[in-house]
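Some notes on the structure that comes next.
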Amino acid sequence: MSPSAESTPSIPRPGDQSSAALENQALWSRHNMVRRYDLLVTHGTIPWVWRCPPKALIDLYSGALSPGTAHLEVAPGSGYTLAHVLPHVPDVQLHLLDLHTGALEASAQRLASHAPALHRQDALAPWTLDEESVDSVGASMLVHCLPGARIADKTALFDNAVRVLRPGGVFVGATVLAHEVPQTRTSLFALRRLNRRSVFANSGDRLTDLAAELHTRFDVERLSVTGSVAQWRARRRA
């Protein structure tokens, strides 16, 4: 099937972006996502500042997706991780959800062979996907961008995932945390700078809070830390 789009109110950061971050909207343009994102983020800040190699995220997803299932990726970025996972997981019905047209177009272009359905929506607002309609949901490197003073302010993302997942479905993701994970001088500097610029909103995000919110809603199979990045794999309860 050909990609479709559903419109929502315009606000700027992948996933939810509030009006306070309008100045950052150009960061998520199609040009930047296609030409710069992998260089500066996938192979730049994620491995060198947050100290989480791209392969760690690929391995995380490889154990979460299954052949012949439906997968929803929230804030897919450039599509890098899925592009490395999906060739080994045939016949996946793919959905991509992001508030930014540029990110959706860039990831859809990269993943065109999988004919993704596109959903232009806020990650924290109710999703228009049907209840129990997908087998897995991914939210990689997203939560630290969602507005909120702490993890508890961002849990609508988790609630949305519970609603659209079928019983036993997998919720997989990763996020940069500010507390209770290893930091370096470089990562602390980057955290301060990115939070001041409203690119990140994770100055209050803690590992214990993330764990508590996941355990409240899911059966958590994995919660680990690589550098300053927490990674999880959890299942919706039957």
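Remember, predicted model here, so these are calculated numbers, not experimental data.
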Distance from [X] atom [atom1] to [Y] atom [atom2], nearest 0.5 Å?
X	Y	atom1	atom2	result
Asp91	Thr69	CG	OG1	9.5 Å
Arg150	Glu213	CZ	CD	8.5 Å
Gln109	Leu111	CD	CG	10.0 Å
Ser203	Arg192	OG	CZ	12.0 Å
Arg217	Arg237	CZ	CZ	10.0 Å
Asp219	Glu221	CG	CD	8.0 Å

Is [Y] close to [X] at the side-chain level, that is, under 4.5 Å between some pair of heavy atoms?
X	Y	value
Val176	Val49	no
Glu180	Val225	no
Arg236	Glu132	yes
Leu72	Ser133	no
Leu191	Asn202	yes
Phe171	Leu214	yes
His114	Val92	no
Trp232	Thr175	yes

Passing option when [X] is tested against [options] for side chain to side chain contact (heavy atoms under 4.5 Å, CB included):
X	options	value
Tyr80	Val85, Asp38, Leu57	Asp38
Met141	Val41, Ile46, Thr42, Thr45	Ile46
Val74	Asn160, Asp98, Leu157, Leu96	Leu157
Leu65	Leu82, Leu94, Asp135	Leu82
Ser136	His71, Glu73, Arg235, Arg166	His71

What heavy-atom pair brings [X] and [Y] nearest, and what distance separates the two atoms?
X	Y	answer
Thr226	Gln231	OG1-NE2, 2.6 Å
Gly77	Ser107	O-CB, 3.6 Å
Leu207	Ala230	CD1-CB, 4.1 Å
His144	Asp205	CA-OD2, 4.2 Å
Val220	Ala234	CA-CB, 3.9 Å
Pro126	Gln121	O-NE2, 3.5 Å

request  = Start with the C-alpha distance between Ser78 and Arg110, add both sets of side-chain angles, then the distance that settles side-chain contact (heavy atoms from CB on, under 4.5 Å), and finish with yes or no.
outcome  = CA-CA 7 Å; Ser78 68; Arg110 189 172 205 161; 3.2 Å; yes

query = Are a donor atom and an acceptor atom from the side chains of Ser187 and Gln183 found within less than 3.5 Å of each other?
reply =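 Checked: Ser187/Gln183 side chains pair up, N/O donor to acceptor below 3.5 Å.
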
query = Between Arg206 and Thr208, does any side-chain donor sit less than 3.5 Å from a side-chain acceptor?
reply =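 No.
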
query = Got a salt bridge between Lys55 and Asp59, using NZ or NE/NH1/NH2 to carboxylate O under 4.0 Å?
reply =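 Yes, Lys55 and Asp59 are salt-bridged.
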
key: Intermediate values then yes/no, side-chain contact (heavy atoms from CB on, under 4.5 Å), Val134 and Leu165   = CA-CA 5 Å; Val134 299; Leu165 278 169; 4.2 Å; yes

request  = Please test Phe158 against Leu210 for side-chain contact (heavy atoms from CB on, under 4.5 Å), starting from the C-alpha separation and ending with a verdict.
outcome  = CA-CA 10 Å; Phe158 305 152; Leu210 175 63; 3.9 Å; yes

Decide if atom [atom1] of [X] counts as having more than 12 heavy atoms of other residues, nucleotides or ligands within a radius under 6.0 Å.
X	atom1	result
Arg51	CZ	yes
Arg35	CZ	no
Arg222	CZ	yes

request  = Give a yes or no on whether the backbone of Val170 and the side-chain of Arg233 come within a donor-acceptor separation of less than 3.5 Å.
outcome  =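 Checking the backbone N and O of Val170 against the side chain of Arg233, no donor-acceptor pair under 3.5 Å is found.
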
message = Main chain of Leu104, side chain of Arg120: is a donor-acceptor contact present, judged purely on distance under 3.5 Å?
response =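 No; zero donor-acceptor contacts below 3.5 Å.
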
